[in-house]
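The structure under discussion appears below in the form of structure tokens.
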Amino acid sequence: MALGNTPRSYGTVERTFHWLMALMILSVAPLGILAEGLPHDTAEAVARKALLFSLHKTLGVTIFLLALARLVWVAIQPRPAPLHPERRLETALAGWVHGFLYLSLVLVPLAGWVEHAATDGFAPILWPLGQSLPLVPKSPAVAEVAATLHVTFAWGLIGAIGLHLAGVVKHALVDRDATLARMVRGVEGGRGQAARHRGPALAALAVYAVAAGAALALMPSDRPASPPRLAEVASDWVVEEGALTFTVRQMGSEVTGSFGEWTAAIRFEQEPVAGRNGDVRVTIAVPSVTIGSVTSQAQEEEFFNVAGHPEAVFAADILPEGAGHVARGVLDLRGVEVPVDLPFDLEIEGDTARMKGSVTLDRRDFAIGQSYADEATVGHDVRVDVALTARRAAAVE
């Protein structure tokens, strides 16, 4: 049995590609549909949902790599001559459908992979590599566009598969020819000359480009309402830029979230008075939290409960500690007050101060994710990182 195609038959490699990818498509699509429909109201449900999505993504990436390999194979192999060359319209339609199939098997998983790479958290790909992609930033906007394209291309794939199956049924039951047997057993058939059909693939690419443009144009423009901006606070040091992030292990992988809206009222003197350098009061707009694909879940009552507790406050004294400093105070989060020591490094050059600090908290102390007792789903420890640059208020004025 020949490995490559001949002018009258499909070789072993081509037929193996065909049936292997058919099997994988029949597996990956139900996994995605089932995972999408599962609830996430308990830790067990979230674990099941994440596992199904992980399997869906892993199979999708595998299909993408196989599709690329198949495209290379198709490009260097002749396509066996059609069984009915006199049926020009039918032959052309078959070429179009194959073009859509080949293209879909690349674009559908690629768009899904980009969506995954642009977000943090939930359902990792079950490979050591693949959680990120070159040139794909962590961006909710990029993820949203990729998700829209993933669904759009998936519908194109479904349509192409439907037409392909309709053609198979016609050849098997109406024409009673060797179309199916050529792909199953590699039997010979066909009249005329073999050809390399690149035109249908290019036409399919053009149609997909139009469909993608239409899908993006029709994508809902409404976004979740931005959290109310916090009122400006009086401060001896004005924060010019900064980041407040947190990192937790989810399903065995580290994911990082952040709060986009917060203020800091800072009083600080380089020479301590009565053992204190000053004090700080940080107010956080909890609805500004983002953590990749699980942002909406993080905002629910089980976790940050943004509706019930829209603000968190960390009030602390700034004390010297060794070669650095520590902000020692109380964090009020979700209505729960917990003592917190935040050690940090500080550099001051003239009127500019740069600060970096980190502390690890236990989410259970704040009654966050109480039903997620198993760390295999959501870890107990949460590392909080703070970095900011501030200038003396007098210098700003």
Stepwise, does the side-chain contact (heavy atoms from CB on, under 4.5 Å) test hold for Arg364 with Gln370? CA-CA 7 Å; Arg364 296 172 298 179; Gln370 294 185 86; over 6 Å; no
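- A single hydrophobic cluster is not seen to contain both Val233 and Leu388; linkage of ILVMFWY side chains at heavy-atom distances under 4.5 Å, directly or through other members, places them apart.
- Counting heavy atoms of neighbouring residues, nucleotides and ligands inside a 6.0 Å radius, atom CD of Glu375 exceeds 12 of them.
- In this structure, the side chains of Phe268 and Asp236 stay at 4.5 Å or more apart for every pair of heavy atoms.
- With hydrogens and angles ignored, the 3.5 Å screen pairs no side-chain donor or acceptor of Asn5 with any backbone N or O of Gln77.
- Panel note: side chain Ser139, backbone Ala118; no donor-acceptor pair is recorded below 3.5 Å.
- Each of Leu107, Leu105, Val106, Val108 was compared with Phe64 under the side chain to side chain contact (heavy atoms under 4.5 Å, CB included) criterion, and only Val106 meets it.
- Of all heavy-atom pairs between Thr352 and Trp237, the closest is C-CZ3, 4.3 Å.
- Here the CG atom belonging to Leu126 is positioned 3.5 Å from the OG1 atom belonging to Thr58, to the nearest 0.5 angstrom.
- The CZ atom of Phe153 sits 8.5 Å away from atom CG of Leu110, with the distance rounded to the nearest 0.5 Å.
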Would Met183 and Trp19 count as a side-chain contact (heavy atoms from CB on, under 4.5 Å) here? Give the steps. CA-CA 9 Å; Met183 187 55 72; Trp19 294 111; 3.7 Å; yes
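- Separating the CZ atom in Phe303 from the OG1 atom in Thr295 is a distance of 12.5 Å, to the nearest 0.5 Å.
- Val169 and Ile25 end up in different hydrophobic clusters when Ile, Leu, Val, Met, Phe, Trp and Tyr side chains are linked at under 4.5 Å.
- The backbone N or O of Gly260 sits nowhere less than 3.5 Å from a side-chain atom of Ser258 that would complete a donor-acceptor pair.
- Both Leu3 and Met21 belong to a single network of hydrophobic side chains, linked directly or stepwise wherever heavy atoms of I, L, V, M, F, W or Y lie under 4.5 Å apart.
- Using a cut-off of 4.0 Å between Lys/Arg side-chain N and Asp/Glu carboxylate O, Asp345 and Lys356 are scored as not salt-bridged.
- With salt bridges taken as basic N to acidic carboxylate O contacts below 4.0 Å, one links Glu321 and Arg328.
- Shortest non-hydrogen contact noted between Leu342 and Gly357 is CD1-C, 3.9 Å.
- Hydrophobic clustering of Ile, Leu, Val, Met, Phe, Trp and Tyr side chains at less than 4.5 Å, counting indirect connections, unites Leu180 with Tyr10.
- Using a 4.5 Å heavy-atom cutoff, the side chains of Thr62 and Met24 are in contact.
- No side-chain heavy atom of Val340 sits less than 4.5 Å from a side-chain heavy atom of Val330.
- Side-chain contact between Pro272 and Asn277 is present, with heavy atoms from C-beta onward closer than 4.5 Å.
- In this structure, Phe344 and His325 have parallel ring planes: the angle between them is below the 30° cut-off, well short of the 60° mark.
- With a 6.0 Å radius and a threshold of 12 heavy atoms from other residues, nucleotides or ligands, Glu300 has its CD atom above the threshold.
- Scanning all heavy atoms of the two residues, the minimum distance from Ala315 to Arg281 falls at CB-NH1, 4.1 Å.
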So Leu244 and Val384, side-chain contact (heavy atoms from CB on, under 4.5 Å) or not? Walk me through it. CA-CA 7 Å; Leu244 176 56; Val384 179; 3.9 Å; yes
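- Residues Leu361 and Leu331 form a side-chain contact, since some pair of their non-hydrogen atoms from C-beta on lies under 4.5 Å apart.
- Aromatic ring pairs are classed by plane angle as parallel below 30°, tilted from 30° to 60° and perpendicular above 60°; the pair Phe246 and Phe259 is tilted.
- A donor-acceptor distance shorter than 3.5 angstrom exists from the side chain of Gln299 to the backbone of Pro287, with no hydrogens or angles considered.
- Thr256 and Thr247 share a side-chain donor-acceptor pair at under 3.5 Å.
- A salt bridge does not link Arg182 to Glu188: none of the charged side-chain nitrogens sits closer than 4.0 Å to a carboxylate oxygen.
- In this structure, the separation between CZ on Arg15 and CZ on Arg185 is 10.0 Å, given to the nearest 0.5 Å.
- Counted by atom type alone, His309 and Arg334 present zero donor-acceptor pairs between their side chains at under 3.5 Å.
- Two residues are said to be in side-chain contact when any heavy atoms from C-beta on lie closer than 4.5 Å; Glu254 and Arg383 meet this criterion.
- Judged by distance alone, the side chains of His171 and Asp177 do bring a donor and an acceptor atom under 3.5 Å apart.
- With respect to the salt-bridge test (charged N to carboxylate O, under 4.0 angstrom), the residues Asp365 and Arg363 do not qualify.
- Using a cut-off of 4.0 Å between Lys/Arg side-chain N and Asp/Glu carboxylate O, Arg267 and Asp317 are scored as not salt-bridged.
- The shortest non-hydrogen separation linking Pro343 to Asp341 is CD-O, 3.3 Å.
- Remark: the backbone N or O of Ala373 is paired with a side-chain donor or acceptor of His380 at under 3.5 angstrom.
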Step-by-step side-chain contact (heavy atoms from CB on, under 4.5 Å) determination, Leu333 to Ile368: CA-CA 10 Å; Leu333 175 63; Ile368 292 177; 3.9 Å; yes
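- In summary, the side chains of Glu311 and Thr283 do not present any donor paired with an acceptor at a separation below 3.5 Å, with no hydrogens or angles considered.
- Contact annotation: the side chain of Val61 never approaches that of Pro109 to less than 4.5 Å [non-hydrogen atoms, C-beta and beyond].
- Between Ala160 and Val97, the shortest heavy-atom contact is O-CG1, 3.6 Å.
- Separating the CZ atom in Phe304 from the OG atom in Ser288 is a distance of 10.0 Å, to the nearest 0.5 Å.
- For the 3.5 Å distance criterion, the side chains of Asp381 and Thr360 fail to qualify, holding no donor opposite an acceptor.
- One hydrophobic cluster, built from ILVMFWY side chains closer than 4.5 Å, cannot hold both Val336 and Val313; they sit in different ones.
- Using cut-offs of 30° and 60° for the angle between ring planes, the Phe53 and His56 rings count as perpendicular.
- Looking at Lys170 and Asp175, a side-chain N of the basic residue comes within less than 4.0 Å of a carboxylate O on the acidic one, giving a salt bridge.
- Pro80 places none of its side-chain heavy atoms less than 4.5 Å from the side chain of Pro7.
- Nearest heavy-atom pair across Val282 and Ala264 is CG2-CB, 4.2 Å.
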His18 vs Arg70, test: side-chain hydrogen bond (donor to acceptor under 3.5 Å, both in side chains). Steps then yes/no. CA-CA 9 Å; His18 179 278; Arg70 188 177 185 184; 5.3 Å; no
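- For the 3.5 Å distance criterion, the side chains of His84 and Glu90 fail to qualify, holding no donor opposite an acceptor.
- Between atom NZ of residue Lys57 and atom CD1 of residue Ile125 there is a gap of 7.0 Å, rounded to the nearest 0.5 Å.
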